[in-house]
Amino acid sequence: MRVVTWNINSLRLRLPLLERLVAELSPDVICLQETKVPDELFPEQVPARLGYPFHLRRGMKGYNGVAILSRVPMRRDDTAPDWCLKDDRRHLAAVLDAPSGPVTLHDFYVPAGGDVPDPAANPKYAHKLAFVEEATRYFAAHPAHARCVLVGDLNIAPGEHDVWSHRQLRDVVSHTEPEIVRMRAWMDTGFVDAMRQFVPPTEKLYTWWSYRNRDWRGSNRGRRLDHVWVTPDLLPSLRDLVVHVAARDWPQPSDHVPVAVDLAL
DNA sequence: ATGGTGGATGTTCCA
């Protein structure tokens, strides 16, 4: 089963690119972030037309928004809280009917956190830290013991080689120590980093390149903001990782590229 | 130290 996570940065603007993702990667499950479409304006017929009879969506006007498209049946899991009581549509959970049995799937869009890495001066950074802390408390209280996959744009690049320059980004939001410490605590509630099972932590690995760069490939100032975590019982099921870097050169691209993980489920 | 680009919205916010 191939699970893809992708921050699409406007679903309606990039419907042709979603179709291209399906043609090129043929995912079984697609987790989207930053759909930027209210549920009532969601392109209702598109998932089925692309081969995904099942979909869940949780959007709002202008900002945020997540969606899951699936070839296998799934049911929504609504047990998680409204993070930071903001109703800001950053999380969807589902239980997938995988061939080997049910699998729980979480699709997260963690707040980006603004520019200034000081929670006292920057409410967006404070929100980001609080969001990750709340998620950590939740998963500590409700551990994902087994058969759980967590994906999304977590907006944190934790490792030295998850950014183009550890030295130059250590005070840049997405790579600060308080974010990294909190992200590790979240993962340590019961997950392992699936992407790093395929690419050693000593090797550069990016999923995002800023729009504010004329030659993204030439300068290659990337960050790994998008993640796939699995419960340890799924480690023997991991088969492949595809970071679809070519998508950064698609016409009118997202600044994030799709990440696919294959699991024998 | 600064500004660079893009999406949704609406004369600005967010990333």
Side-chain angles (χ1 to χ4, degrees), chain A residues 5-21 31-43 46 57-67 83-84 86-91 107-119 121-132 151-158 162-165 167-176 178-180 182-183 206-227 244-259:
Chain A
T5 178
W6 187 27
N7 179 322
I8 194 170
N9 187 16
S10 174
L11 172 65
R12 285 175 292 178
L13 185 71
R14 283 185 244 285
L15 281 177
L17 300 192
L18 181 63
E19 190 159 2
R20 190 161 171 179
L21 168 72
C31 296
L32 299 172
Q33 303 89 35
E34 281 207 271
T35 54
K36 297 185 176 177
V37 57
D39 290 341
E40 63 273 19
L41 296 179
F42 191 92
V46 165
R57 60 201 198 226
R58 193 175 186 192
M60 59 188 285
K61 184 176 175 175
Y63 309 111
N64 309 327
V66 285
W83 308 104
C84 302
K86 284 172 136 15
D87 192 27
D88 56 4
R89 321 295 170 96
R90 295 178 178 276
H91 175 229
D107 179 12
F108 272 99
Y109 173 52
V110 170
D115 289 328
V116 181
D118 173 3
N122 173 11
K124 290 186 226 170
Y125 186 69
H127 176 216
K128 181 179 199 173
L129 298 181
F131 188 103
V132 175
V151 307
D153 175 6
L154 304 186
N155 265 318
I156 299 171
D162 293 333
V163 292
W164 63 276
S165 168
R167 187 176 57 81
Q168 286 177 259
L169 290 178
R170 59 191 319 151
D171 293 319
V172 172
V173 173
S174 75
H175 194 60
T176 67
E179 294 169 272
I180 292 166
R182 282 162 179 77
M183 182 189 222
Y206 312 140
T207 65
W208 173 89
W209 290 262
S210 171
Y211 285 125
R212 302 177 192 184
N213 210 317
R214 291 242 168 250
D215 181 6
W216 70 273
R217 198 186 282 276
S219 58
N220 198 23
R221 295 184 168 191
R223 305 179 202 171
R224 184 168 73 110
L225 301 180
D226 303 276
H227 296 269
H244 201 44
V245 175
R248 189 62 180 76
D249 272 333
W250 286 347
Q252 271 200 293
S254 167
D255 46 354
H256 295 254
V257 299
V259 176

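Below, chains carry the letters A, B, ... as their sequence lines are ordered, and counting in each starts from 1.
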Please list, pair by pair, any protein nitrogen or oxygen found under 3.5 Å from a nitrogen or oxygen in nucleotides 13-15 of chain B.
from, atom 1, to, atom 2, distance (Å)
B:dA15, N6, A:Arg212, NH2, 2.4
B:dA15, N1, A:Arg212, NH2, 2.9

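Remark: C1' of B:dG6 and CZ of A:Arg248 are 10 Å apart, rounded to the nearest angstrom. Spacing between atom CZ of A:Arg221 and atom C1' of B:dG3 amounts to 12 Å, rounded to whole angstrom units. For the pair A:Arg214 CZ and B:dG3 C1', the computed distance is 12 Å after rounding to whole Å. For the pair A:Trp208 CH2 and B:dT5 C1', the interatomic distance rounds to 11 Å; values are reported in whole Å. Note: CH2 (A:Trp250) to P (B:dG6) measures 18 Å, nearest angstrom.
If you take atom C1' in B:dG4 and the same atom in B:dA15, they sit 14 Å apart, rounded to whole Å. On the P atoms, B:dT9 is 15 Å away from B:dC13, given to the nearest whole Å. Using P as the reference atom, B:dG6 and B:dT2 are 23 Å apart when rounded to the nearest Å. Annotation: B:dG3 and B:dG7 have their P atoms spaced 22 Å apart (nearest Å).
Atom CD in A:Glu34 sits 7.0 Å away from atom CG in A:Asn64 (nearest 0.5 Å). How far OH of A:Tyr109 is from CG of A:Asp88: 9.5 Å, rounded to the nearest 0.5 Å.
Between A:Arg14 and B:dG7, a side-chain N or O to OP1/OP2 separation shorter than 4.0 Å is present.
Classified by interplanar angle (parallel below 30°, tilted 30° to 60°, perpendicular above 60°), the ring pair A:Trp6/A:Trp250 is perpendicular.
With sequence neighbours excluded, no residue forms a salt bridge (Lys or Arg N to Asp or Glu O under 4.0 Å) with A:Asp255. A:His91 is linked by a ring pair (Phe, Tyr, Trp, His ring centres under 6.0 Å) to A:Trp83, A:His106, A:Phe108, counting only residues two or more places apart in sequence or in another chain.
For A:Asp115, the CG atom is loosely surrounded, since the number of other residues' heavy atoms within 6.0 Å does not exceed 12.
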